[in-house]
Novice: 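If you scroll down you'll find the structure; I have some questions about it.
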Protein chains: 2
Amino acid sequence: MRTVEKALKLLELFDEAHPSFGLSALARRADIDKATVLRMLQDMAAAGLVEQDPASRNWRLGAGILRLARLREAAFPATGALNPILARLAQETGETAHASLRAGADLGTVGVVESTRSNRVYIEPGLILPLHATASGLAYTAFARPDVPAEVLARPLAAHTAATPTDPATLAARLEMVRASGYACADQTYDADVHGLAMPLFGPDGFAIGALAVATPATRLTADLRRLILSALADAARKATLGMGGRIPDHHRIAA
Amino acid sequence: MRTVEKALKLLELFDEAHPSFGLSALARRADIDKATVLRMLQDMAAAGLVEQDPASRNWRLGAGILRLARLREAAFPATGALNPILARLAQETGETAHASLRAGADLGTVGVVESTRSNRVYIEPGLILPLHATASGLAYTAFARPDVPAEVLARPLAAHTAATPTDPATLAARLEMVRASGYACADQTYDADVHGLAMPLFGPDGFAIGALAVATPATRLTADLRRLILSALADAARKATLGMGGRIPDHHRIAA
DNA sequence: AATGGTCGGTTCATTATTTACACCAATGTT
DNA sequence: AACATTGGTGTAAATAATGAACCGACCATT
């Protein structure tokens with residue numbers, strides 16, 4: 001595998017539960033020799049992507065990322081416009097709302113506003129959403145450039161729960177349903193007990209660049225709540241697309 | 001040079017004036033063969049650090065950065081606490097306030113609140129501040145772990161203006177002054193016409209991890225304004241350090 | 001204290017990856 | 001229509017990545 005790719009894959013090992021690693025632990029987890037991992041970390045540290053806590057000698061994500069994020073936002077504002085929309089969406093539906101954008105092979109979560117109810121879906125910051133196993137992933141894939149669904153259907157489709165579509169034909173059929181209805185739903189295909197409803201976010205060229213979604217505890221989703229969510233989601237997705245400078249394709253219709 | 005390091009150096013070529021590049025342009029600017037640059041970009045795109053605009057085929061910073069930034073903030077909150085402090089600092093002084101954290105070899109700007117006056121200092125998002133040529137850099141370096149000033153003094157010191165200290169002995173003397181006074185000032189050492197006043201931000205171990213600064217047009221800085229800024233800065237820097245979970249060393253005193 | 005385990009980090013010969021040159025088709029420009 | 005530049009590809013040559021062994025430091029047990 002390409003060295004740069006391998007090095008950057010190390011970044012994916014960091015999540016909320018594992019915000020920092022010792023050298024050996026990281027090497028073990030990545031299944032790469034620790035001498036190699038050390039050199040990669042040092043190179044990434046030189047760019048500010050990671051940094052080493054001087055006391056514990058542990059490695060964590062670096063401040064250079066914040067700098068890059070500011071630059072990206074300045075050039076291509078997204079999260080700034082997204083947050084108030086998410087807040088309103090969460091408030092209107094009473095459920096957890098989140099937004100994600102295509103980043104690398106999958107969708108990366110760029111914004112979350114949680115439901116205020118005590119039984120609510122928690123989405124950890126920066127969670128990676130697989131394209132085939134989440135409502136957001138389906139909504140994005142269905143309306144992305146045509147090469148995206150083609151590539152996704154050719155992937156090995158990992159089963160995250162018993163309901164995850166792992167057969168390309170099944171997945172293709174679901175994508176077709178999403179295209180017909182204008183929204184995606186995923187009933188416990190990624191997390192057990194979580195039901196997701198999602199709609200695509202469009203870029204300037206009229207193809208999807210991400211998705212807006214509402215996640216509910218699976219047992220709570222009544223037909224009424226579903227209607228409420230879909231209506232709020234349609235409005236929010238439209239605003240979000242326009243707020244980011246995207247264009248909704250002329251033929252795009254939502255048939256709830 | 002290490003491949004990973006070289007690839008990540010490409011990221012530093014992006015700034016507000018150049019938010020996206022064509023392949024050839026980027027290769028030219030980085031002075032690397034374009035075949036090599038292409039592979040690097042593809043690897044970084046797989047991690048979401050960059051992405052290619054499908055229409056123009058230009059490359060820009062990717063959405064994966066936003067995801068990583070969220071993770072970093074969740075694990076190590078910094079900018080969240082910084083922004084209100086910067087806003088107040090800018091309001092109290094009437095000048096542009098900015099915060100930066102060590103990222104790679106230098107300081108990366110992680111927050112800016114501009115002055116509201118018509119003649120004001122503009123700091124572009126994500127600007128990189130050289131350690132030897134800015135008030136923030138001096139404030140950070142003077143109070144960082146001892147190996148930092150040692151390394152900085154051994155660097156080649158680029159002259160950004162006529163006033164930039166390029167001689168290690170001069171720089172060492174200035175650092176000593178900063179240590180004695182508790183703050184750093186830099187009169188047009190980076191940008192002509194800009195005067196910076198800065199104080200260190202401390203990490204949990206009592207060593208500096210970044211800096212808080214106020215930048216004024218050089219002609220406007222009267223003795224009175226200087227006093228006002230230093231007093232507001234001292235308060236803001238203390239709050240910012242504590243807000244980020246840092247510890248101010250017991251012996252730290254500000255002698256304005 | 002002595003033991004054994006793990007840690008972060010270094011070294012160096014072997015190997016596999018990266019590199020740069022030439023080349024291609026497509027798209028503007030003059 | 002000729003020309004230059006673009007993004008991208010394939011190749012042999014050269015360079016940089018690799019991983020096993022090793023080091024001293026640290027930490028529990030024994």
Side-chain angles (χ1 to χ4, degrees), chain A residues 1-14 18-47 49-62 104-105 145-148 150-151 203-205 207, chain B residues 1-14 18-47 49-62 104-105 145-148 150-151 203-205 207:
Chain A
M1 198 199 286
R2 317 213 181 297
T3 313
V4 177
E5 198 179 349
K6 230 188 302 185
L8 296 178
K9 267 229 160 61
L10 290 178
L11 296 177
E12 291 186 13
L13 298 179
F14 293 86
H18 309 90
S20 72
F21 291 93
L23 173 61
S24 297
L26 194 58
R28 218 178 300 122
R29 183 119 160 190
D31 199 30
I32 305 178
D33 189 274
K34 72 188 161 101
T36 305
V37 169
L38 178 61
R39 267 182 327 99
M40 289 171 171
L41 285 171
Q42 285 167 339
D43 289 351
M44 291 197 286
L49 257 52
V50 298
E51 61 192 22
Q52 189 177 30
D53 177 36
S56 68
R57 284 183 156 173
N58 278 3
W59 297 85
R60 60 169 179 243
L61 296 175
R145 310 207 125 225
D147 49 310
V148 175
E151 185 269 326
D205 57 1
F207 290 103
Chain B
M1 198 200 285
R2 318 212 179 294
T3 313
V4 176
E5 198 179 350
K6 229 189 302 186
L8 296 178
K9 267 226 161 62
L10 290 178
L11 295 176
E12 291 185 13
L13 299 180
F14 293 86
H18 309 89
S20 73
F21 290 93
L23 173 61
S24 298
L26 193 59
R28 217 178 301 121
R29 183 118 160 192
D31 198 30
I32 305 179
D33 189 273
K34 71 190 163 102
T36 304
V37 170
L38 179 61
R39 265 183 331 99
M40 290 170 171
L41 285 171
Q42 285 167 339
D43 290 352
M44 290 197 286
L49 257 53
V50 298
E51 60 193 22
Q52 189 177 30
D53 178 36
S56 67
R57 283 181 157 174
N58 278 4
W59 297 84
R60 60 169 179 244
L61 296 175
R145 308 207 128 225
D147 49 312
V148 175
E151 185 270 324
D205 57 2
F207 290 104

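Labels below follow one simple rule: chain letters A, B, ... track the order of the sequence lines, proteins then strands, and each chain is numbered from 1. Being a predicted model, the structure only gives us computed values, none of them experimental.
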Novice: Please determine whether side chain to side chain contact (heavy atoms under 4.5 Å, CB included) holds for the pair A/Leu8 and A/Leu49, giving the CA-CA distance in whole Å, both sets of side-chain angles, and the decisive distance to 0.1 Å.
Specialist: CA-CA 10 Å; A/Leu8 296 178; A/Leu49 257 52; 4.2 Å; yes
Novice: Tell me, for nucleotides 15-21 of chain C in 5' to 3' order, what letter each nucleotide earns: B for a base near a protein heavy atom under 4.0 Å, S for only sugar-phosphate near one, - for neither?
Specialist: --SSBBB
Novice: Atom CG of A/Leu13 and atom NE2 of A/His18: how far apart are they, to the nearest 0.5 Å?
Specialist: 9.5 Å
Novice: Of all heavy-atom pairs between A/Phe207 and A/Pro146, which one has the smallest distance, and what is that distance?
Specialist: CE2-CD, 3.9 Å
Novice: Checking side chain to side chain contact (heavy atoms under 4.5 Å, CB included) for the pair A/Met44/A/Leu11: CA distance, chi angles, key distance, verdict?
Specialist: CA-CA 10 Å; A/Met44 291 197 286; A/Leu11 296 177; 4.1 Å; yes
Novice: Taking all heavy atoms of B/Ser56 and all of B/Asp53, pick out the closest pair and write down the distance.
Specialist: OG-OD2, 2.8 Å
Novice: Grab the two heavy atoms, one from B/Glu5 and one from A/Ala46, that are nearest each other, plus how far apart they are.
Specialist: OE2-CB, 4.4 Å
Novice: Whole-Å distance between C/dC7 P and A/Leu41 CG?
Specialist: 15 Å
Novice: Expressed as a whole number of angstroms, how long is the span from A/Lys34:NZ to C/dT10:C1'?
Specialist: 9 Å
Novice: Quick one: are B/Asp205 and B/Arg145 in side-chain contact, heavy atoms under 4.5 Å?
Specialist: yes
Novice: Return no unless some side-chain N or O of A/Arg28 is found under 4.0 Å from OP1 or OP2 of C/dC7.
Specialist: yes
Novice: Starting at CD of A/Gln42 and ending at P of D/dT18, how long is that distance when rounded to a whole Å?
Specialist: 13 Å
Novice: I need the residues from residues 49-60 of chain A with at least one non-hydrogen atom less than 4.0 Å from DNA chain D; give them sorted by number, or say none.
Specialist: none
Novice: OP1, OP2 of C/dG8 versus side-chain N and O of A/Ser24: anything below 4.0 Å?
Specialist: yes
Novice: Counting C-beta onward and ignoring hydrogens, is there a side-chain heavy-atom pair between A/Asp43 and B/Lys6 closer than 4.5 Å?
Specialist: no
Novice: In whole angstroms, how far is the P atom of D/dT18 from the CG atom of A/Asp31?
Specialist: 13 Å
Novice: Rounded to the nearest Å, what distance is computed from the CG atom of residue A/Leu26 to the P atom of nucleotide C/dC7?
Specialist: 12 Å
